[in-house]
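Below: one structure, written as structure tokens.
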Amino acid sequence: MRNETVAKPLTERIRRRTHFRYRNRSMKKEQVVNCQFSVWYPIFKKHTIKSLILPLPQNVIDYLLDDGTLVVSGSDHNTQRTHTNSSNSDDEEDIQWSDDETTTTVTAPEFPEFTSTVLEAINALGGRVFPKLNWSAPRDANWIALNSSLQCQSLSDIFLLFKSSDFITHDLTQPFLQCRDHDSPDPLISYELVLRKWSELISGGEFRCFVKENKLIGISQRDYTQYYQHISKQEDQICLSIQEFFTQHIQYNFLDEDFVLDVYRDSWGKVWLIDLNPFGEVTDSLLFTWEELTSGNSLPASQQEGEFAQQQEGPAFRYPTSEVTVQPSPCLSYRVPRDFVDLSTGEDAYKLIDFLKLKKGQQEDEEEEEEEQARQ
């Protein structure tokens, strides 16, 4: 749903979010509310990935918005870090820094009941999940994960992604920023942790569809930074299967007539619903522009203009047509977190220590599991 990334202090994230363009505001707050996962999932449950929805406690929300330690919470055991300004201990569990004046002890917050609930849900979904909040997944934070993936097996995995994600911060602080009825009171939001059964999706099978007045007007390759040869070869089949899926299962069944849906077409040609997003600039328009999508004019199949802009009766289908048209990922320039920048200037060094210890613990757990399986 979001198209910017960076792991920075909350105040800076909010400041960056206010730089959105305010023209062509087409969404209303009600439309944003209707695109919450818990609203649309019951309607389209048969056509999407199995998921569980858990209420998000206020103390967990406060922790996610806290600018303190990067992540040490959510583990299966209590964790404590003691920090001062110079090292005076070789103890592996407690790192000491002292300057003869102050000593700061950072204790990881623990959420025993919530942790237990999350672990039960993860196990019920096969042990591996894809996490998100009411609207967004932390796609801008996959760089921080050990395997550069959004696959999570514990609450600590989820916290690591969430606390590094601008998308999550936006959900928690400014979900109605781009709405045209900004003067009206914000609807009351009950925040939820959504856990989706992990599925290995091929990027070349993901597409974003734009719906206006219950009509499918445009389809864009979701990962527009890559060229996939099979898409150009199967253009007609892909477009037809998505149109049929929309007509049979989505059209007139959603609460709004303007919205954006993400779909996945598997190797057998079956289409699955992945997500629903508001029809407005808060949603990335990918290979289209919001000026085009809101103009009311027919969309050309390509981004070329004039006589080369092919018109068609069905939705415009856009995708990179060669390696030459491949674009850099919009996330690349944001992949160095502020926490690591602070480290390079001598600030908040304990954040990296916490992060590395968490990763080390996860690796040790995985090695123990592999050894146990080998013995069996």
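Because the structure is predicted, anything quoted here is derived from the model rather than measured. Worth knowing before you read on, the calculation uses all heavy atoms, side chains too, and leaves out hydrogens, waters and symmetry mates.
- A distance of 12.5 Å separates CZ of Arg196 from NZ of Lys50, quoted to the nearest 0.5 Å.
- A search for side chain to side chain donor-acceptor pair (under 3.5 Å) contacts involving His230 returns nothing, not counting sequence neighbours.
- Residues Ile219 and Leu201 do not share a hydrophobic cluster, clusters being chains of Ile/Leu/Val/Met/Phe/Trp/Tyr side chains in contact below 4.5 Å.
- Formation of a donor-acceptor pair under 3.5 Å by the Ser116 side chain with backbone atoms of Pro112 is not found in this model.
- Checking side-chain atoms of Ser295 against main-chain N and O of Glu292 turns up a donor-acceptor pair under 3.5 Å.
- Atoms CZ and CD, from Phe246 and Gln248 in turn, are 12.0 Å apart once rounded to the nearest 0.5 Å.
- Here the side chain of Asn123 pairs a donor or acceptor atom with the backbone of Leu119 at under 3.5 angstrom.
- What you find for Cys209 and Val263 is that their closest heavy atoms are SG-CG2, 4.0 Å.
- In this structure, Phe167 and Leu133 have side chains that are not in contact, with every pair of non-hydrogen atoms separated by 4.5 Å or more.
- Residues Arg265 and Ile238 meet the side-chain proximity criterion, which asks for heavy atoms closer than 4.5 Å.
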Leu273 vs Trp40, side chain to side chain contact (heavy atoms under 4.5 Å, CB included): CA-CA, chis, key distance, verdict = CA-CA 11 Å; Leu273 175 63; Trp40 66 259; 3.6 Å; yes
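- The side-chain heavy atoms of Val260 and Val211, taken from C-beta on, include no pair separated by under 4.5 Å.
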Walk me through it: do Val129 and Lys197 pass the test side chain to side chain contact (heavy atoms under 4.5 Å, CB included)?
-> CA-CA 5 Å; Val129 298; Lys197 183 178 178 66; over 6 Å; no
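- Both Ile43 and Phe245 sit in one connected hydrophobic cluster of ILVMFWY residues. Membership requires side-chain heavy atoms under 4.5 Å apart, directly or through other members.
- Connection of Ile49 to Ile158 is not established within any shared hydrophobic cluster, with ILVMFWY side chains joined at heavy-atom distances below 4.5 Å, either directly or through further cluster members.
- Applying the side-chain hydrogen bond (donor to acceptor under 3.5 Å, both in side chains) definition to pairs two or more places apart or across chains, those involving residues 251-261 are Asn34-Asp256.
- A donor atom on one side chain and an acceptor atom on the other are not found under 3.5 Å apart for Arg139 and Ser165.
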Take Gln58 and Ile61 through the test side chain to side chain contact (heavy atoms under 4.5 Å, CB included) and record every step on the way to the result.
-> CA-CA 5 Å; Gln58 184 59 48; Ile61 296 175; 4.0 Å; yes
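- If you take CD on Glu30 and SG on Cys35, they are separated by 11.0 Å, rounding to the nearest 0.5 Å.
- The shortest heavy-atom contact between Lys132 and Ala137 is CB-CA, 3.7 Å.
- To the nearest 0.5 Å, atoms CG (Leu195) and CD (Glu120) are separated by 12.0 Å.
- Here Phe44 and Trp272 keep their ring centres 6.0 angstrom or further from each other.
- Judged by distance alone, with hydrogens and angles left aside, the side-chain atoms of Trp290 form no donor-acceptor pair with the main-chain N or O of Asp284 at under 3.5 Å.
- Distance check, rounded to the nearest 0.5 Å: CD1 of Ile242 to CG of Leu261 gives 8.5 Å.
- Side-chain contact annotation: Tyr319 with Glu235, donor-acceptor N/O pair under 3.5 Å present.
- When atom types are taken as modelled, the side chain of Ser232 and the backbone of Gln229 share a donor-acceptor pair closer than 3.5 angstrom.
- Under the 6.0 Å distance and 45° angle rule, Lys163 counts as a cation-pi partner of Tyr63.
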Begin from the C-alpha positions of Gln36 and Val33 and carry the test side chain to side chain contact (heavy atoms under 4.5 Å, CB included) through to its verdict.
-> CA-CA 6 Å; Gln36 292 182 98; Val33 170; 3.5 Å; yes
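- Applying the side chain to side chain contact (heavy atoms under 4.5 Å, CB included) test to Ala124 and every residue at least two apart in sequence or in another chain returns Leu52.
- Under the 4.5 Å side-chain criterion, counting only non-hydrogen atoms from C-beta, Phe130 is not in contact with Gln151.
- Considering every non-hydrogen atom in both Lys212 and Gly296, the closest pair reads NZ-N, 3.7 Å.
- With sequence neighbours excluded, no residue forms a ring pair (Phe, Tyr, Trp, His ring centres under 6.0 Å) with Phe114.
- Partners of Lys28 by salt bridge (charged side-chain N to carboxylate O under 4.0 Å, His left out), not counting sequence neighbours: none found.
- Between the side chain of Asp140 and the main chain of Asp166, a donor-acceptor pair closer than 3.5 Å is present.
- The aromatic ring centroids of Phe254 and Phe259 lie less than 6.0 Å from each other.
- For Glu244, the CD atom sits in a packed shell: over 12 heavy atoms of surrounding residues, nucleotides or ligands are nearer than 6.0 Å.
- A 4.5 Å side-chain heavy-atom check between Ser184 and Phe176 finds every atom pair outside the cut-off.
- In this structure, OG on Ser154 lies 10.0 Å from CZ on Phe159, to the nearest 0.5 angstrom.
- Every ring pair (Phe, Tyr, Trp, His ring centres under 6.0 Å) that Phe207 has, sequence neighbours left out, goes to Phe317.
- Between the Gln221 side chain and the Asp223 main chain, a donor and an acceptor come within less than 3.5 Å of each other.
- Considering all non-hydrogen atoms of both residues, Ser136 and Ile168 come closest at O-CD1, 3.7 Å.
- Of all heavy-atom pairs between Ser241 and Val271, the closest is O-CG2, 3.8 Å.
- Under a hydrophobic-cluster definition in which Ile, Leu, Val, Met, Phe, Trp and Tyr are linked whenever side-chain heavy atoms come within less than 4.5 Å, directly or via other members, Leu56 and Leu65 are assigned to the same cluster.
- In this structure, Leu293 and Thr289 have side chains that are not in contact, with every pair of non-hydrogen atoms separated by 4.5 Å or more.
- Across all non-hydrogen atoms, the minimal contact from Ser164 to Ile144 is OG-CD1, 3.2 Å.
- Between Ser51 and Tyr41 the shortest side-chain heavy-atom distance falls below 4.5 Å.
- The shortest side-chain heavy-atom distance between Tyr264 and Ile202 falls under the 4.5 Å cut-off.
- Side-chain atoms of Trp135 come within 3.5 Å of backbone atoms of Val32 as a donor-acceptor pair (strictly under, hydrogens ignored).
- Within 6.0 Å of atom CD in Glu113, 12 or fewer heavy atoms from other residues, nucleotides or ligands are found, so the atom counts as exposed in its surroundings.
- When the side chains of ILVMFWY residues are joined at heavy-atom separations under 4.5 Å, either directly or via intervening members, Phe162 and Leu172 end up in a single hydrophobic cluster.
- In this structure, Thr283 contributes its side chain and Pro278 its backbone to a donor-acceptor pair below 3.5 Å.
- The closest side-chain donor-acceptor pair between Asp171 and Tyr191, if any, does not fall under 3.5 angstrom.
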